[in-house]
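These notes are about the structure you will find just below.
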Amino acid sequence: MNRKIGYVSLLVPNYNEAKDYYTRALGFTLLKDTDLGDGKRWVVISPGHDEGTGLVLTEAKTDEEKAAVGKQGAGRVWLFLHTDDFKRDHWRFQANGVRFLEQPREEPYGTVAVFEDRYGNKWDLLELKP
């Protein structure tokens, strides 16, 4: 069996603002930005340059969706950004104004630090041990 998680939907207040933030501050790659009509777009970003797991930026429209922006993990870390160079990415993110909630720490599985994106979603920046 060959299966994988292709995309994760991420609620954002505005397509263009979110696209700019994730590509500029976090260095994500814009894979797709397709107009679907009626104000909807198919905006896919990825931390890499390939079609691995990506984020579909979904512009919040309803009151319920707007209330969930930045809270999809209910206050917990819910997105895990793996890196091959923790120090490089930690420095780059800080230089781009990304807010870390803790100092980097060593765990049995790797080097990790929690950060918040522009909307309050909590992420782990994580370099796994070999």
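- Within 6.0 Å of atom CD in Glu64, 12 or fewer heavy atoms from other residues, nucleotides or ligands are found, so the atom counts as exposed in its surroundings.
- Using a distance-only test at 3.5 Å, with no hydrogens or angles considered, a donor-acceptor pair links the side chain of Thr29 to the main chain of Gly48.
- The 12-atom threshold is exceeded at CZ of Arg105, counting heavy atoms of other residues, nucleotides or ligands nearer than 6.0 Å.
- Trp123 and Phe28 have perpendicular rings, their planes meeting at more than 60° on a 0 to 90° scale where under 30° would count as parallel.
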Requested in this report: Test Lys87 against Thr111 for side chain to side chain contact (heavy atoms under 4.5 Å, CB included), laying out the working first.
Outcome: CA-CA 9 Å; Lys87 288 181 183 180; Thr111 305; over 6 Å; no
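- Closest non-hydrogen pair, Phe93 versus Leu26, comes out as CE1-O, 3.5 Å.
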Query - Steps toward side chain to side chain contact (heavy atoms under 4.5 Å, CB included) verdict (Lys129, Glu106) - result: CA-CA 10 Å; Lys129 289 185 179 175; Glu106 293 296 324; 4.3 Å; yes
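- Contact detail for Arg92 and Arg24: the closest heavy-atom pair is NH2-O, 3.7 Å.
- More than 12 non-hydrogen atoms from other residues, nucleotides or ligands lie less than 6.0 angstrom from NZ of Lys61.
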**Report entry** Candidate pair Asp33 and Arg41, rule side chain to side chain contact (heavy atoms under 4.5 Å, CB included), full reasoning
**Finding:** CA-CA 7 Å; Asp33 187 349; Arg41 288 163 53 187; 2.7 Å; yes
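- Counting all heavy atoms, side chain and backbone alike, Phe86 lies closest to Leu125 at CE1-O, 3.4 Å.
- Checking side-chain atoms of Gln72 against main-chain N and O of Leu11 turns up a donor-acceptor pair under 3.5 Å.
- A donor-acceptor contact shorter than 3.5 Å links the side chain of Lys122 to the backbone of Gly75.
- Aromatic ring orientation, Trp42 versus Tyr7: perpendicular (interplanar angle above 60°, classes split at 30° and 60°).
- The backbone N or O of Phe100 lies less than 3.5 Å from no partner atom in the side chain of Gln94, so there is not a single donor-acceptor pair.
- Hydrophobic clustering places Ile5 together with Leu81 (ILVMFWY residues linked when any side-chain heavy atoms are closer than 4.5 Å, directly or through intermediates).
- When all heavy atoms of Asp85 and Arg88 are compared, the closest pair comes out as OD1-N, 3.0 Å.
- Tyr21 and Glu116 make their closest contact through OH-O, 4.0 Å (heavy atoms, listed as atom of the first residue, atom of the second, distance).
- With Glu59 contributing its side chain and Tyr15 its backbone, the two residues share a donor-acceptor pair below 3.5 Å.
- Residues Pro104 and Ala113 share a closest heavy-atom pair of CA-CB, 3.9 Å.
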Query raised in the report: Are Tyr22 and Asp117 close enough, and set up right, to give a side chain to side chain contact (heavy atoms under 4.5 Å, CB included), and what steps lead you there?
Result: CA-CA 8 Å; Tyr22 290 106; Asp117 68 18; 2.6 Å; yes
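- Residue-environment remark: CH2 (Trp91) stays at or below the threshold of 12 foreign heavy atoms within 6.0 Å.
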